[in-house]
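Quick notes on the structure that follows.
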Amino acid sequence: MDNKKESSLLYILTGATSGLLADSIMHPIDTVRARVQIEKVGKSQYKGTFSALNQIIKNEGVSYLYKGFPIVATATVPAHALYFLGYEYSKQWVTNRYGKKWGESTITHFSAGFVADALGSLIWVPMDIIKQRLQVQTNTQKLNPNQTYYKGSFHAGKVILQEEGIRGLYRGFMPALATYGPFVGIYFSVYEKCKSTISSLLSKEKDQYLPIPYQLGSGFFAGAFAAAVTCPLDVIKTRIQVQRTTEKQIYKGMLDSFKTILKEEGPKAFVKGMGARIWWIAPGNALTIASYEQLKYLFKDLI
């Protein structure tokens, strides 16, 4: 097997495994984030991240925190495989074409991150639609009692295809790309900078192995920073995606959504769920990148 194929298989297997591990652990916090973000300012039943967590457990049970997880477990494996493959190969392409200096630049890390998200989003967006519809169903059912009740992940996917067509599964694709493209670009730029700084402080070469605590710390900080910066975009994306095309469309696009939310709820609406978003993304990204780096280091001589 040639080196190129070895690298591809390594990125695919380690990326898929690390993504599944992190999503399994962090899914409950994502459910809280989705619930908080769809509430309008002034009409909130949740006072914050931990209030929402407590109320969901108290009123609906712990199992509700894992609503939509089956589709996540199914989709996250190929999505993360594409994600890390896209990131690594984008960096390699720039390095091979323009040299190591450009390959290790911040603009390359940002661009490679954007490419990684674009590839992963081909699977993540339909997954997000199904997952978020299930996560917020208790809330939306109260507002629209006649809407079809989703019995689970795969039933939801079937109903969306029947009622809304394939476009229903890719609803908000551009808002998702506009949210997570910059997010992933910022994340990898900050993560690689943290890694480089730590390696320098420890007198290590940039590509040398870093102990797990440093990988976790770099991943957490980069994830928290990127999550906070892109939270307003995530609020808009979530509002668009949880709408059903069979119902009245309040949000008709990113710009229209921005204007509507700003007019009706004010600037505070754009930071709704920021705490839950950070506590979902930062630990999740830390776990994903640390396990990815560890698995890549362990298996690089075997695959």
Side-chain angles (χ1 to χ4, degrees), residues 19 22-41 44-57 64-69 72 76 79-80 83 113-114 116-117 120-121 124-125 127-129 131-136 139 172 175-191 216-242 251 254 257-258 261-262 265-289:
D23 283 347
S24 300
I25 296 170
M26 300 311 302
H27 188 81
I29 305 301
D30 181 40
T31 298
V32 175
R33 172 203 63 84
R35 285 289 194 89
V36 174
Q37 285 188 336
I38 66 159
E39 291 192 310
K40 292 192 174 185
V41 171
S44 303
Q45 62 173 312
Y46 307 126
K47 296 176 182 177
T49 301
F50 295 105
S51 166
L53 180 63
N54 287 332
Q55 285 194 52
I56 292 169
I57 292 172
Y64 203 95
L65 292 171
Y66 274 91
K67 277 287 183 181
F69 183 70
V72 172
T76 198
H80 272 95
Y83 174 80
F114 202 100
D117 180 69
S121 289
W124 271 323
V125 169
M127 179 199 82
D128 263 349
I129 297 286
K131 176 194 71 170
Q132 290 179 151
R133 297 268 184 103
L134 285 162
Q135 287 172 325
V136 304
N139 298 54
L177 192 59
T179 300
Y180 283 107
F183 165 78
V184 178
I186 293 168
Y187 169 74
F188 274 117
S189 299
V190 176
Y191 174 72
L216 287 169
S218 297
F220 189 95
F221 176 76
F225 181 81
V229 170
T230 58
C231 185
L233 294 169
D234 192 48
V235 171
I236 293 170
K237 174 197 73 74
T238 302
R239 296 280 185 97
I240 291 171
Q241 288 187 327
V242 298
Y251 309 111
M254 294 228 33
S257 301
F258 173 78
I261 295 168
L262 185 63
E265 304 170 58
K268 286 177 66 176
F270 295 106
V271 294
K272 279 187 73 68
M274 182 182 284
R277 178 170 164 78
I278 290 172
W279 282 112
W280 164 51
I281 283 178
N285 278 14
L287 287 168
T288 301
I289 201 68

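Sequence positions, counted from 1, serve as the residue numbers for this chain. Every heavy atom of this structure was used, including side-chain atoms; hydrogens, water molecules and symmetry mates were not.
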- Query: Between atom CZ of Phe220 and atom CG of Leu287, what is the distance when rounded to the nearest 0.5 Å?
  - Reply: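 Here the rounded value is 10.0 Å.
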- Measure the CD1-CG distance between Ile289 and Leu216 for me, rounded to the nearest 0.5 Å.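 Separation between the atoms: 10.5 Å.
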How about [X] and [Y]: do any of their side-chain heavy atoms sit closer than 4.5 Å?
| X | Y | answer |
| --- | --- | --- |
| Leu65 | Leu53 | yes |
| Leu262 | Phe270 | yes |
| Asp234 | Tyr180 | yes |
| Cys231 | Arg277 | yes |
| Trp280 | Val32 | no |
| Asp30 | Lys131 | yes |
| Val242 | Gln37 | no |

- CA sep, side-chain torsions, deciding dist, call: Tyr251, Ile261, side chain to side chain contact (heavy atoms under 4.5 Å, CB included): CA-CA 9 Å; Tyr251 309 111; Ile261 295 168; 3.8 Å; yes
Could you tell me whether a side-chain N or O of [X] sits under 3.5 Å from a main-chain N or O of [Y], the two making a donor and an acceptor?
| X | Y | answer |
| --- | --- | --- |
| Asp117 | Gly113 | no |
| Thr179 | Leu233 | yes |
| Arg35 | Gln135 | yes |

- With sequence neighbours left out, write down each residue that passes side-chain hydrogen bond (donor to acceptor under 3.5 Å, both in side chains) with Lys237, or none if nothing qualifies.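 Testing Lys237 for side-chain hydrogen bond (donor to acceptor under 3.5 Å, both in side chains), a comparison that skips the adjacent residues, returns Gln132, Gln241.
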- Partner set under side-chain hydrogen bond (donor to acceptor under 3.5 Å, both in side chains) for Tyr191, not counting sequence neighbours: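 Glu293.
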- Message: Between Tyr83 and Trp124, is the ring centroid distance below 6.0 Å?
- Response: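 Yes, close enough.
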- Item | Contacts of type side-chain contact (heavy atoms from CB on, under 4.5 Å), residue Phe69, not counting sequence neighbours |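 With neighbours one apart ignored, the set is Ser24, His27, Tyr66, Val72, Ala73.
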Nearest atoms (heavy-atom pairs only) where [X] meets [Y]:
| X | Y | answer |
| --- | --- | --- |
| Trp279 | Met26 | O-CE, 3.1 Å |
| Ile25 | Pro28 | O-CD, 3.6 Å |
| Ile278 | Ala228 | CD1-CB, 4.0 Å |
| Ser189 | Gly185 | OG-O, 2.7 Å |
| Ala22 | Gly284 | CB-O, 3.4 Å |
| Ala276 | Thr49 | N-OG1, 3.0 Å |

- Task: Apply side chain to side chain contact (heavy atoms under 4.5 Å, CB included) to the pair Asn285 and Phe183, showing each step before the final yes or no.
- Result: CA-CA 12 Å; Asn285 278 14; Phe183 165 78; 3.4 Å; yes
- Query: side chain to side chain contact (heavy atoms under 4.5 Å, CB included) between Phe114 and Leu177: does it pass, once the steps are laid out?
  - Reply: CA-CA 8 Å; Phe114 202 100; Leu177 192 59; 4.2 Å; yes
